[in-house]
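Shown next, in structure tokens, is the structure this report addresses.
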Number of protein chains: 2
Amino acid sequence: MIIEDNDLKRSAAECNNKNSICPCGEKCPLSTAMEIIGGKWKLQILCALQIDGPIRYNDLKQKINGITNTMLSSSLKKLEADGLVRRKQYNVMPVRVEYSTTAAVDDLGPILMQLGKWASDMSRNKQAFE
Amino acid sequence: MIIEDNDLKRSAAECNNKNSICPCGEKCPLSTAMEIIGGKWKLQILCALQIDGPIRYNDLKQKINGITNTMLSSSLKKLEADGLVRRKQYNVMPVRVEYSTTAAVDDLGPILMQLGKWASDMSRNKQAFE
DNA sequence: CCGCATCCTAGAGGATACTG
DNA sequence: CAGTATCCTCTAGGATGCGG
């Protein structure tokens, strides 16, 4: 199988920084993306929010099997800081907080679908590639 | 911003397993994909192999700033087991081994490019989404 | 109800030395 | 040359309890 000059190849070739996920270096957008959606719970949280959001903190916690307060809370904070999650607080008693996704997640969805499709295609045709 | 019923939403809605990266569960292809390309060095190795492969072990190590034998060796093994990397050994003295990517990586490239573009678009328009 | 503070553990990843 | 073996560090993530 001949290696073609594809997008990944071009992208990497244009970069020359070091010490990051890809050869592009610290500011490589792919590296940034992996940091944003990486970790154990982030994608699961985003999926749940897309399906059921806007949703309250405790209801969200019920939807995500096995997550702890520590992780749900810190993950939501990071996702909010990165602009993927919106937090709305109603100052009533007791406090009511609702989480939802931003438009950025709508754009992310189709890309993740492709990534999933790639993985299932690959495991199906594994021997064909070798 | 109204949450549309997009691909991510549909995908997650069709699944109902637990204890995985996304609500789809253990066999969720997206979860599989993240395991395959996740970790500190895998994408960097794939990029380097796409650009310079087929390439010998020690030459590859030079291309990837800061990687140790332990990590390069174990990452290559996993990537090979997952069908993304091909290892060819020439039984001469001293041993010569060449690594290259498989066709699966050609398919992966454009998807990763989109992911990178998503990240850069997002950081540029962060405030517009909120 | 929402979530932070504290403490703890497992495993990802690193350093070094050594071989077929 | 192409790794493996061993030991070590560091932090992502988990458990528990408390406070606005």
Side-chain angles (χ1 to χ4, degrees), chain A residues 18-22 26 31-46 48-49 52-82 85-100, chain B residues 18-22 26 31 34-46 48-49 52-82 85-100:
Chain A
K18 307 293 174 194
N19 299 323
S20 189
I21 285 179
C22 92
E26 300 176 39
S31 163
T32 305
M34 295 302 286
E35 283 163 16
I36 292 174
I37 66 173
K40 191 171 182 181
W41 299 103
K42 299 245 196 85
L43 286 177
Q44 208 169 147
I45 292 170
L46 290 177
L49 285 179
D52 298 308
I55 184 175
R56 301 181 66 172
Y57 181 89
N58 276 317
D59 294 336
L60 178 58
K61 196 185 168 199
Q62 300 311 319
K63 298 279 179 187
I64 302 174
N65 197 284
I67 197 169
T68 60
N69 275 329
T70 315
M71 287 314 292
L72 180 53
S73 168
S74 74
S75 300
L76 283 170
K77 233 178 192 173
K78 287 172 193 164
L79 289 170
E80 193 193 359
D82 288 328
V85 161
R86 192 181 299 110
R87 191 192 114 113
K88 187 162 190 179
Q89 176 169 344
Y90 301 87
N91 284 319
V92 293
M93 266 299 281
V95 187
R96 176 189 186 91
V97 179
E98 281 181 359
Y99 289 95
S100 55
Chain B
K18 306 294 174 194
N19 298 324
S20 189
I21 286 180
C22 93
E26 300 175 40
S31 164
M34 293 302 285
E35 282 164 18
I36 293 174
I37 65 174
K40 191 172 182 180
W41 299 103
K42 297 243 196 87
L43 287 177
Q44 210 169 149
I45 291 169
L46 289 177
L49 285 180
D52 298 308
I55 184 174
R56 301 180 66 172
Y57 181 91
N58 276 319
D59 293 336
L60 178 58
K61 196 184 168 200
Q62 300 312 319
K63 297 279 179 187
I64 302 173
N65 197 282
I67 198 169
T68 61
N69 275 329
T70 316
M71 288 312 293
L72 180 54
S73 169
S74 75
S75 299
L76 282 170
K77 238 178 191 171
K78 287 173 194 164
L79 288 170
E80 193 193 1
D82 288 328
V85 161
R86 191 180 301 110
R87 192 194 112 113
K88 187 160 192 180
Q89 176 170 342
Y90 301 88
N91 284 319
V92 293
M93 267 300 281
V95 188
R96 176 190 186 88
V97 178
E98 281 181 356
Y99 288 95
S100 55

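Note: hydrogens, waters and symmetry copies are ignored here, and every other heavy atom, side chains too, is used. Chain naming here is simple, since letters A, B, ... match the order of the sequence lines and numbering starts at 1 in each.
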Below 4.0 Å: OP1/OP2 of C:dA12 and any side-chain N or O of B:Trp41: no
Shortest side-chain distance from B:Asn58, nucleotide among D:dA2, D:dG3, C:dC4: D:dA2
Nearest-Å distance for atom pair OH/C1', residues A:Tyr99 and C:dC1: 11 Å
Between A:Asp59 and A:Tyr99, a side-chain donor and acceptor under 3.5 Å: no
Spacing between B:Arg96 atom CZ and D:dG3 atom C1', to the nearest angstrom: 16 Å
Between P of D:dC1 and NZ of B:Lys61, the distance in whole Å: 11 Å
Side-chain donor or acceptor of A:Lys61 paired with backbone N/O of A:Ile67 under 3.5 Å: no
Base of C:dA15 paired with side chain of B:Thr70 (donor-acceptor, under 3.5 Å): yes
Sugar-phosphate, base or nothing in reach of B:Lys77, heavy atoms under 4.0 Å: sugar-phosphate
Closest-nucleotide 5' rank along DNA chain C - winner of A:Ser73 and A:Pro94: A:Pro94
Basic-acidic side-chain contact under 4.0 Å: B:Glu98, B:Arg96: yes
Per A:Asn69 side chain, nearest of listed nucleotides D:dG17, C:dC1, D:dG13: D:dG17
Heavy-atom donor-acceptor pair, A:Lys77 side chain to A:Leu72 backbone, under 3.5 Å: no
Given D:dG14, D:dT4, D:dC1, the nucleotide with the shortest approach to the side chain of A:Thr68: D:dG14
For atom CG of B:Leu60 and atom C1' of D:dG3, their distance in whole Å: 13 Å
Interatomic distance, B:Leu72 CG vs D:dC1 P [rounded to whole Å]: 15 Å
Listed nucleotide nearest any side-chain atom of B:Arg87, set C:dC4, D:dG3, D:dC1: D:dG3
Nearest-Å distance for atom pair CE/C1', residues A:Met93 and D:dG19: 12 Å
Sugar-phosphate only, base, or nothing, as touched by B:Tyr90 at under 4.0 Å among non-hydrogen atoms: nothing
Check: B:Lys63 side chain, B:Ile45 main-chain N or O, donor-acceptor pair, under 3.5 Å: no
Any B:Arg56 side-chain N or O less than 4.0 Å from OP1/OP2 of D:dC1: no
Any B:Lys40 side-chain N or O less than 4.0 Å from OP1/OP2 of C:dG14: yes
Gap between atoms NZ and P, on A:Lys78 and D:dT11 respectively (whole Å): 13 Å
Candidates D:dG14, C:dG13, C:dC1 - which lies nearest the side chain of A:Met71: D:dG14
Gap between atoms NZ and P, on B:Lys88 and D:dG3 respectively (whole Å): 15 Å
